[in-house]
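Heads up, the thing below is written out as structure tokens.
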Amino acid sequence: MSVEALCRRITDFGFQMLANDFALDARQHKIEQLSAAQKTLMWVRNPLNSLMSGNPARLADYLTILENQEYSYLMRDGGVLQISYVFKGMEIERHRLCYHPCPFAVTFGDIRDFEGGLLELIQNSYMDRLEDSVLMRTPIRFDFAPDQTAPHHPASHITLNDPSCRVPARCPLAFDTFMKFILENFYSDIWEHPTIRNALVFRQEPDCLSAHDRTRAHLHWSHP
């Protein structure tokens, strides 16, 4: 699949979730040429905004993400998905795939019944009682950065809770594999929806685990 076709699929998948009330917002994605061989694919965004966030995550990071719309998809419970790839030709050269759960117990009904948006709901309903409201949820980030590989920095890995926690992953994640992981584990009702499930297509990605990574606990998967 070409980068251009993948870009359309990511955007269309978000709009499909939006149409089924599984998401509150879904951003258009675009491709930019980085060099003769490299292209980046991510949501349309203001380049002046920083993508960096605290690790461990801070409440301010999540609120800034909402305010600046720094996401691919905003899920119906306030969870945020960020999808960003760099391709060299047809191959994934780097990626940053992140699920940032909402730090509040917001429901779709809360948002639907509130006249403003999610950010305004949080500011009005939760910020004056943070001790009772904030949930201790950590973002999950899948990174692929083979040029930074080291004994405790696998080429493909999952970062959880602390920068030092990089769990090796079998290979770079395709968009469909990432969405399956998130939906299957955090949004099982959406995953069971036939329209959403049938929109994802899986293929076997090439393994990139080093000999050292194989000796550690790591994430491995296969597709039927």
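As the structure is a computational prediction, the values presented were derived from the model and not from experiment. Values below: every heavy atom of this structure, side chains too, minus hydrogens, waters and symmetry copies.
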Of all the heavy-atom pairs spanning R137 and P101, show the shortest one and how long it is.
CB-CG, 3.6 Å

Quick one: salt bridge (charged side-chain N to carboxylate O under 4.0 Å, His left out) partners of R216, sequence neighbours excluded?
none

Using the test salt bridge (charged side-chain N to carboxylate O under 4.0 Å, His left out), find all partners of D143 that sit at least two apart in sequence or belong to another chain.
R141

side-chain hydrogen bond (donor to acceptor under 3.5 Å, both in side chains) against Y99, all qualifying residues, sequence neighbours excluded:
Y187

Which side-chain N or O atoms in residues 16-24 pair as donor and acceptor under 3.5 Å with protein atoms at least two apart or in another chain?
from, atom 1, to, atom 2, distance (Å)
N20, ND2, Q16, O, 2.9

Quick check for you: to the nearest 0.5 Å, what is the distance between C171 atom SG and L219 atom CG?
9.0 Å

Donor-acceptor pairs under 3.5 Å, side chain of residues 83-93 to any protein atom, not counting sequence neighbours: which ones?
from, atom 1, to, atom 2, distance (Å)
Y85, OH, L173, O, 2.7
Y85, OH, F175, N, 2.9
E93, OE1, Q38, NE2, 2.3

Separation between CG of L160 and SG of C165, rounded to the nearest 0.5 Å
5.0 Å

Which residues share a side-chain hydrogen bond (donor to acceptor under 3.5 Å, both in side chains) with T177, sequence neighbours left out:
E205, H223

State, to 0.1 Å, how close I31 and C7 come at their nearest heavy-atom pair, and which atoms those are.
CD1-CB, 3.8 Å

All heavy atoms of N161 vs all of T138, minimum pair found to be N-OG1, 3.2 Å

Are any non-hydrogen side-chain atoms of W43 and L81 less than 4.5 angstrom apart?
no

Heavy-atom distance under 4.5 Å between the side chains of E70 and T64, does that happen here?
no

Below 30° counts as parallel, above 60° as perpendicular, anything between as tilted: where do the rings of F142 and F178 land?
perpendicular

Qualifying residues under side-chain hydrogen bond (donor to acceptor under 3.5 Å, both in side chains), relative to N185, sequence neighbours excluded
none

Kindly give the heavy-atom pair with the smallest separation between P172 and P206, and that separation in Å.
CD-O, 4.2 Å

Side chain proximity check, F144 to C208, heavy atoms < 4.5 angstrom:
yes

Please say yes or no: joined through hydrophobic side-chain contacts below 4.5 Å, possibly via intermediate residues, are Y126 and F108 part of one cluster?
yes

I'd like to check the salt bridge (charged side-chain N to carboxylate O under 4.0 Å, His left out) partners of E120; sequence neighbours left out, ordered by chain and number.
none

Residues forming a salt bridge (charged side-chain N to carboxylate O under 4.0 Å, His left out) with R8, sequence neighbours excluded
none

N/O donor-acceptor pair under 3.5 Å between S156 side chain and R170 backbone:
no

Does L119 have any side chain to side chain contact (heavy atoms under 4.5 Å, CB included) partners at least two apart in sequence or in another chain, and if so, which?
L63, L66, E67, Q123

As an exercise, state the distance from CG of L41 to NZ of K30, rounded to the nearest 0.5 Å.
11.0 Å

Measure the shortest side-chain to side-chain distance between F186 and I140 over non-hydrogen atoms and say whether it is less than 4.5 angstrom.
yes

To the nearest 0.5 Å, what is the distance between CD1 (I65) and SG (C102)?
11.0 Å

Knowing that exactly one of R45, R27, R96 qualifies, which makes a side chain to side chain donor-acceptor pair (under 3.5 Å) with Q82?
R96

So do I122 and M127 actually touch side chain to side chain, heavy atoms under 4.5 Å?
yes

Who are the side-chain hydrogen bond (donor to acceptor under 3.5 Å, both in side chains) partners of T149, not counting sequence neighbours?
none

Enumerate the residue pairs fulfilling side chain to side chain donor-acceptor pair (under 3.5 Å) with a member in residues 105-118, sequence neighbours excluded, ordered by first and then second residue.
T107-D110

Atom of G78, atom of Y62 and distance for their closest heavy-atom approach:
O-OH, 2.6 Å

Heavy-atom check, side chain of F104 versus side chain of L130, under 4.5 Å
yes

Transitive ILVMFWY side-chain link W221 to L209, under 4.5 Å:
no

Within a strict 4.5 Å, meaning less than it, do heavy atoms of the R9 and D176 side chains meet?
yes

What about F202 and M179, same hydrophobic cluster or not, with Ile/Leu/Val/Met/Phe/Trp/Tyr joined at side-chain heavy-atom distances under 4.5 Å?
yes

Do L74 and F15 belong together in a cluster built from hydrophobic side chains that touch within less than 4.5 Å?
no

With a 4.5 Å limit on heavy-atom distance, are the side chains of D25 and L118 in contact?
no

Checking I111, I190, V106 against R76 for side-chain contact (heavy atoms from CB on, under 4.5 Å), the one that qualifies is I190

Quick one: pull up OG1 in T11 and CD in Q28 and give me the separation to the nearest 0.5 Å.
4.5 Å

One should read off an interatomic distance between K180 NZ and R197 CZ, to the nearest 0.5 angstrom, of 7.5 Å

Around E32, counting heavy atoms of other residues, nucleotides and ligands shown, do more than 12 lie under 6.0 Å from its CD?
no

